[in-house]
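Step one of this worksheet: look at the structure below.
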Amino acid sequence: MIFLKKTYPWLFLLVFLIFSCKDYLYAQNKTPFFQRSDTLNKKRRTAVYVTEAALATATLIGLNEAWYAQYERSGFHFLNDNSQWMQMDKFGHAFSSYYIGKMGMDALAWAGETKKNQLIYGATLGFAFLTAVEVLDGFSEEWGFSTGDVMANALGTGLLVGQELLWEEQRLQMKFSFMTSEYADNDPDKLGSTPLQQILKDYNGQTYWLSVNLWSFHKESKIPKWLNVAIGYGANGLPEGSYDNSTIPRQPIESYRQFFASIDVDLTKIKTNSDFLKTVFNVFNFVKIPAPSIEYRSNGDFKFHFLYF
């Protein structure tokens, strides 16, 4: 299932709707909007729960009518797609589950909710929402309920919750980067015909990272608090078995996996007294910064990138 075109609109709408409540919440609570509550703020908590419930419901109804209506309905069935897309879609599922859950957890922390409730009702938000989407897939003739997708969702949520239970912080963060590939013109229906569509659909240009904050493991050291090291995964030549339509005769596109090592920045560790900037850094911390990177390809090649994104 090419899931990103389904989950990313929900992600962005969640941010927009929560922050669009700013004027109301400020007027009711006389508290700066971007400042987290030290104690439970019931008005904020209600706004978070109502926004999440309304947005999730609207998104599922919208997907059912606008997306799944294009395909024949069927009885509930399973689909084993674990061998497709060199597992790039599974990394995307884990990434989406991790960050939807993190946003849910952060929203409840902003409302002053207890840590226990942040984990129960916030951090699990990504897994719950994506599993509901998977159920809709199960009733679509075109798709099917993928246990591999659900396992990837659980992995993303588990990474989030596990670190909070172990360290009460996110020392290992999933991140995302994208560079346009040369293959989208060959198959715009699958890979996207516009830059935005390509970011969401062209797995050839996507890289998923696990970014590790060094200082968090050595807090007595002089390591800059914001410095991370990152390992990444990508793929080239997707969908597998595709051809380059720009050549005559058409030539098969080489498919291989890509493994990266690079440096990164944890934006949340940048020191600032501005609650607004703290919020901005937290929201955009899912993006891996461009940096020098070493790439190893499964065909045996090594490559150094002076600046890779």
Would you say [atom1] of [X] has more than 12 non-hydrogen atoms from neighbouring residues, nucleotides or ligands within 6.0 angstrom?
X    : atom1 : value
D185 : CG    : no
L40  : CG    : yes
F284 : CZ    : no
Y243 : OH    : no
E169 : CD    : yes

For the [atom1] atom of [X] and the [atom2] atom of [Y], what is their distance to the nearest 0.5 Å?
X    : Y    : atom1 : atom2 : result
Q251 : S242 : CD    : OG    : 12.5 Å
M103 : L160 : CE    : CG    : 12.5 Å
D264 : L214 : CG    : CG    : 10.5 Å
I199 : D202 : CD1   : CG    : 10.5 Å
L165 : L119 : CG    : CG    : 5.5 Å
F91  : L155 : CZ    : CG    : 8.5 Å

List the atom of [X], the atom of [Y], and the distance in Å for their closest heavy-atom pair.
X    : Y    : answer
L130 : H93  : CD1-O, 3.9 Å
S211 : N228 : OG-ND2, 2.8 Å
G144 : E134 : O-OE2, 3.5 Å
G148 : N82  : CA-OD1, 3.2 Å
Y71  : S140 : CB-OG, 3.9 Å
R257 : S298 : N-OG, 2.8 Å

Backbone N or O of [Y] within a donor-acceptor pair of the [X] side chain at under 3.5 Å?
X    : Y    : answer
Q163 : V161 : no
Q206 : G234 : no
E72  : E141 : no
S97  : G156 : no
T51  : V48  : no
N213 : S216 : yes
S255 : G237 : yes
N80  : S146 : no

Given side chains that start at C-beta, do those of [X] and [Y] come closer than 4.5 Å, heavy atoms only?
X    : Y    : answer
F259 : R297 : no
N186 : L191 : no
V135 : F145 : yes
P290 : F306 : no
I270 : L277 : no
D89  : D149 : yes
Y68  : W143 : yes
F304 : P292 : yes

Decide whether a cation-pi geometry holds between R73 and F139; the criteria are a distance under 6.0 Å from NZ or CZ to the six-membered ring centre and an angle within 45° of the ring axis. no
- prompt: Do the numbers put K269 on top of the ring of W226, so that NZ or CZ is under 6.0 Å from the six-membered ring centre and no more than 45° off the axis?
  reply: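 No.
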**Study point:** From Y208, F309, F286, Y233, residue fulfilling ring pair (Phe, Tyr, Trp, His ring centres under 6.0 Å) relative to F176
**Key:**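 Result: among Y208, F309, F286, Y233, Y208 is the only option passing the ring pair (Phe, Tyr, Trp, His ring centres under 6.0 Å) with F176.
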**Item:** salt bridge (Lys or Arg N to Asp or Glu O under 4.0 Å) assessment of D81 paired with K90
**Value:** CA-CA 10 Å; D81 60 352; K90 302 300 182 279; 3.1 Å; yes
Answer yes if [X] and [Y] sit in the same cluster of Ile, Leu, Val, Met, Phe, Trp and Tyr residues linked by side chain heavy atoms under 4.5 Å apart, and no otherwise.
X    : Y    : answer
Y98  : L166 : yes
V265 : L210 : yes
L125 : L60  : yes
M105 : M174 : yes

Could you check whether R36 pairs with D275 (Lys NZ or Arg NE/NH1/NH2 to Asp/Glu carboxylate O, under 4.0 Å)? no
Quick one: do K225 and D266 make a salt bridge, cutoff under 4.0 Å?
-> no
Pair W215, K222 - check side-chain contact (heavy atoms from CB on, under 4.5 Å), show working. CA-CA 8 Å; W215 176 83; K222 295 183 179 180; over 6 Å; no
Working note: W209 + I231, criterion side-chain contact (heavy atoms from CB on, under 4.5 Å); need CA distance, chi angles, decisive distance, verdict. CA-CA 6 Å; W209 302 84; I231 55 174; 5.7 Å; no
Test salt bridge (charged side-chain N to carboxylate O under 4.0 Å, His left out), reference E164, set K116, R171, K115, output is K115
What I want to check is whether the side chains of [X] and [Y] have a donor and an acceptor closer together than 3.5 Å.
X    : Y    : answer
Y308 : S177 : no
N285 : Q173 : yes
E113 : Q118 : no
S262 : K288 : yes

Could you tell me how the ring of [X] sits relative to the ring of [Y]: parallel (under 30°), tilted (30 to 60°) or perpendicular (over 60°)?
X    : Y    : value
H305 : F260 : tilted
Y99  : F95  : tilted
Y49  : Y121 : perpendicular

| request: Go through the steps for Q258 and T207 under the test side-chain contact (heavy atoms from CB on, under 4.5 Å), then give the verdict. | output: CA-CA 9 Å; Q258 300 165 288; T207 306; 5.8 Å; no
Does the pair L172 and W167 meet the rule for a side-chain contact (heavy atoms from CB on, under 4.5 Å), with working shown? CA-CA 11 Å; L172 290 72; W167 298 313; 3.7 Å; yes
- Item | Evaluation steps, ring-ring contact (aromatic ring centres under 6.0 Å, His included), between F78 and F76 | CA-CA 7 Å; F78 291 86; F76 186 82; 5.4 Å; yes
Criterion side-chain hydrogen bond (donor to acceptor under 3.5 Å, both in side chains) on D301 and Y256, from CA distance to verdict
CA-CA 10 Å; D301 292 342; Y256 53 81; over 6 Å; no
